[in-house]
Every structure is written in C-alpha cells, then in structure tokens.
Amino acid sequence: MMAEKLDLNTLVEDHRVHRRIYTEPQVFALEMERIFESGWVFLGHDSEVAAAGDFKQVRFGSQPAIMTRDEDGAIQVLMNRCMHRGATICQEERGNARHFRCWYHGWTYNGRGELVGLPYPGGYGKNFDRSRFSLIRAAKVANYRGLVFASLSADVEELPDYLGKARYYIDLFMDLSPQGAVEARAGTHKYGYDGNWKFQMENGVDGYHANFVHQAFFEIQGKRLGRRVMKLFNETSPLESKDLGHGHSLLDTAPRRSSPRLVSNILRGQVPAEIGDAYVQSLVARNGEARAAEILAASNVNLAVFPNLLIIGIQLRNVIPISFNRTEVFLTPTTLCGVHEAINVARLRAHEAFYGPAGGGAPDDVEMFNRCQAGLAVKGAEWLELSRGLERETVGEDGVIAAHLTDEVPQRAFYKRWREIMCGVATAARPSVTLAAAGS
Ligand code: FES
C-alpha cells in the first residue's frame, strides 16, 4: 500500500474543514493522543459519586477509566487496567464498591488504586513491591461547581483558566438552584451513532439546523403553546452564537427572557403559579433582582466546552469517541437543589419531550450524524463549508466573537482550537503524519 504525507494543517481552514478529519482512522488516533490523552476531558458530575465507594466508568477517548470517591471523600480517577496482565478491573457501568477485584487472577485494588490484595503471595519473591503496582491515576483531577474534569497529562493549565469565559455560563447554569448546586442523579440515557464524534459537538451549538431537523417538533410545540417557536431560529431571531475562546462556544438565548417575571410565566402552566413564583423569589433572595434576572434569562443555554461536554437545557451531555465512525453519547439531566419537587419534575418532563429516547427532537439529530458520515464517503467534494456569518461577526471588548444565532461561529470556534492542538498552529509546530493513501 502506498503511503502519503498528509499535513494536518491543510485539513482545517478559517471557514471550512476537509472531509478527511471525519473519515481517516489515523486522524482519529491522533485526536485521541493530542486531545483526549493530553488535555482536560469532562468525565461527569460529582453527585454521580456522592458517597464513599460510588463509582462510574468513564473514558479518555479510547482509554477506559473509573471515576470513584475514596473513603476519604476525594474523587479518584483510575485507569481501568489491571497492573498484572492488563484486564479491565471494573465491568459495571456504575455502582458502589470498597474494592475493585480483577476477575482474571484476583488482584484487588482499593479506591485509591493501591494493590491491597495479592492471591497466593508466596509465589512472588520477597522483594516484590506492591506499591509499584498501583493502578495508573489521572495526572490531574479538578472539579468546577460539581463538573469533574481530568487530564492524563500534568502539563495543562489550571481548570478555571482552561474553562475561561465558559465559566460565566456554567455559573449561570448552577445558580438556577437557590442553593447554587445541581445533581445528576435522575438517570442517564445513552445513544450511539455511526459517525464521527465531532458531528455531535458541532450540532449541540448549531442554531442553523433547528428549523429543518426539528420542524415537526416545533410545529407541535407551537400549537400547544399558541406561539411560533420556529421564529426563534429564523433570520429575524434576536439570538446570537458566540465563540468564547479555547474552543468553547455558545448559543446565547439570553435576549429571549429579560426578567424573572417572564420566567415565572413560563413555569406557569407546568407548575402551580405559587410554586413558580416562590422559586423566582428564592433566586431573588439569594442573588438580588438583577442577578436573578440574569440567571433566569440564561435558563436554556446551549454551551459547548471543548472537547467533549455539552450543557444543553438541563442536561450534561458527554460525547465519547469510539472510532473515527462510531460515537457514544451519555446524556444526563440535572435537577436543581433546594427547589420544590414540582419544578424538577417539570424540568425533567420538558427535557424528555425533546431529548429523551422517544423525544421529538434529539433522535432526529442522530439520524443526521449517520447521514453526514455516509455522505462523506463521496470523493471529489472534499470540503465542508463553515463560512456562514463570517462577514458579520463582531468582536466584543472581552474578545468574544458573536454573530447571528444561525451562523457557524461555534463550529469555527471548535476547529480553531482543534487546529491549535492538532497542528500546533498557536503553539509548537507539529510534524506531518503519514497516512495510507486513499484507494491505494
Ligand atoms: Fe488482573 Fe491477572 S490480569 S489479576
């Protein structure tokens, strides 16, 4: 087979990306190495491992790991690989365990990953040092307002710096609770698709597709509410898309709701009026009227945190690359701490209506991802166009790039970061990689 030199730099331009970033296994392998094994990756919410011994399986791209809370209350991120002969030591998706025992030969590890059980130890020499066989741990683990991130490399900036301007929107999301905290214990639903992981990251902050992919849902919703939902996503919409830097981006829905009163009205019909009003008042009491209005105005955010977290509506969406053409997505709705149960029930029902396994919206997106991957097998049309709104972008004093909601600002933001990491455009130069020539 012939091999060709391919410069990754040639695959991403300011306004378009090459189809090979979705179709080349070697590009995928480099993404795992340079993005998912070298930088911050979102793993889950700390409430998912609330008690000592709670665990859930997580991934750094292709590498399996376990997020668990040890007996001292610290969150540990351990690689799911026995230090004897390599078997995964945890098979359950989540649960509670004092120890992780490998089923192959019984080596057993505690919640800090230390080897505490060694069957038939007499077979090992007297110099055998158990401490050398602790599970591999993530180099860094950090928690921002309950969101747990980890990095396999210690050479990363501090998490708050990494999150940058996305922190403002994460704060708004958490501050919807009068206690300033959410929980992610209402369950997780999962789906997979035969397409590249980046399709999901692009789509979660894509304001252009909604009126087409989700037309049927919006028409039904419009009849129910007695107003046109689709106008929020057409050319006259006052909403904006934003590049927050670091590859993070946003569909900013804030102009839609400008006062606590409005949100109270939105809740009305879903919860008794007195419950909605009491909720708004609890936010005002904690935050003051202006801040409460700001929090409530952002209560339907679409935020992408590079590389694999989407915060959409009430959910945390974890995007998990499996191969260049296979992706799994874990979608976990949150509940607000400190509110009347009816508020959380209303949030969950509204979430399910669009995003649930039988929801009217999200399953349609998945079909689009499958179609994109299938379509990109066509050779001769090599580029995907991301230029929408390029000429009407504005740059704020804070450096945030903004344009119309339907513009492809978030997608350009994602690939700006992708290019920096993969190609070393803004950092050290990276070498070309050798790829097998297509069709050779
Ligand atoms: Fe785990 Fe042998 S591979 S105990």
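Both ligands and their constituent atoms are indexed starting at 1 by order of listing.
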For the residue pair Asp161 / His246, report whether a side-chain donor-acceptor contact shorter than 3.5 Å exists.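 No donor-acceptor contact under 3.5 Å links the two side chains.
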If only side-chain N and O atoms count, and only distance matters, is there a donor-acceptor pair under 3.5 Å linking Asp194 with Asn325?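 Checked: Asn325/Asp194 side chains show no N/O donor-acceptor pair below 3.5 Å.
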With salt bridge (Lys or Arg N to Asp or Glu O under 4.0 Å) as the rule and sequence neighbours excluded, what pairs involving residues 172-182 come up?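 Every salt bridge (Lys or Arg N to Asp or Glu O under 4.0 Å) pair that includes a residue of residues 172-182, provided the two are not neighbours, is Arg145-Asp175, Asp175-Arg286, Asp175-Arg291.
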Please report the C-alpha distance between Tyr109 and Arg101 in whole Å, then the side-chain angles of each, then the deciding distance to 0.1 Å, and finally whether the side chain to side chain contact (heavy atoms under 4.5 Å, CB included) criterion is met. CA-CA 6 Å; Tyr109 306 86; Arg101 169 173 285 189; over 6 Å; no
Return the set of protein N, O or S atoms whose distance to atom 2 (Fe) of ligand 1 is under 2.8 Å, each given as residue and atom.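 Less than 2.8 Å away from atom 2 (Fe) of ligand 1 sit His84 ND1, His105 ND1.
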Contacts of type salt bridge (charged side-chain N to carboxylate O under 4.0 Å, His left out), residue Arg388, not counting sequence neighbours: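 So Arg388 forms a salt bridge (charged side-chain N to carboxylate O under 4.0 Å, His left out) with Glu235, Asp407.
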With sequence neighbours excluded, what pairs up with Tyr22 under the side-chain hydrogen bond (donor to acceptor under 3.5 Å, both in side chains) test?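 Listed in chain order: Glu202, Tyr415.
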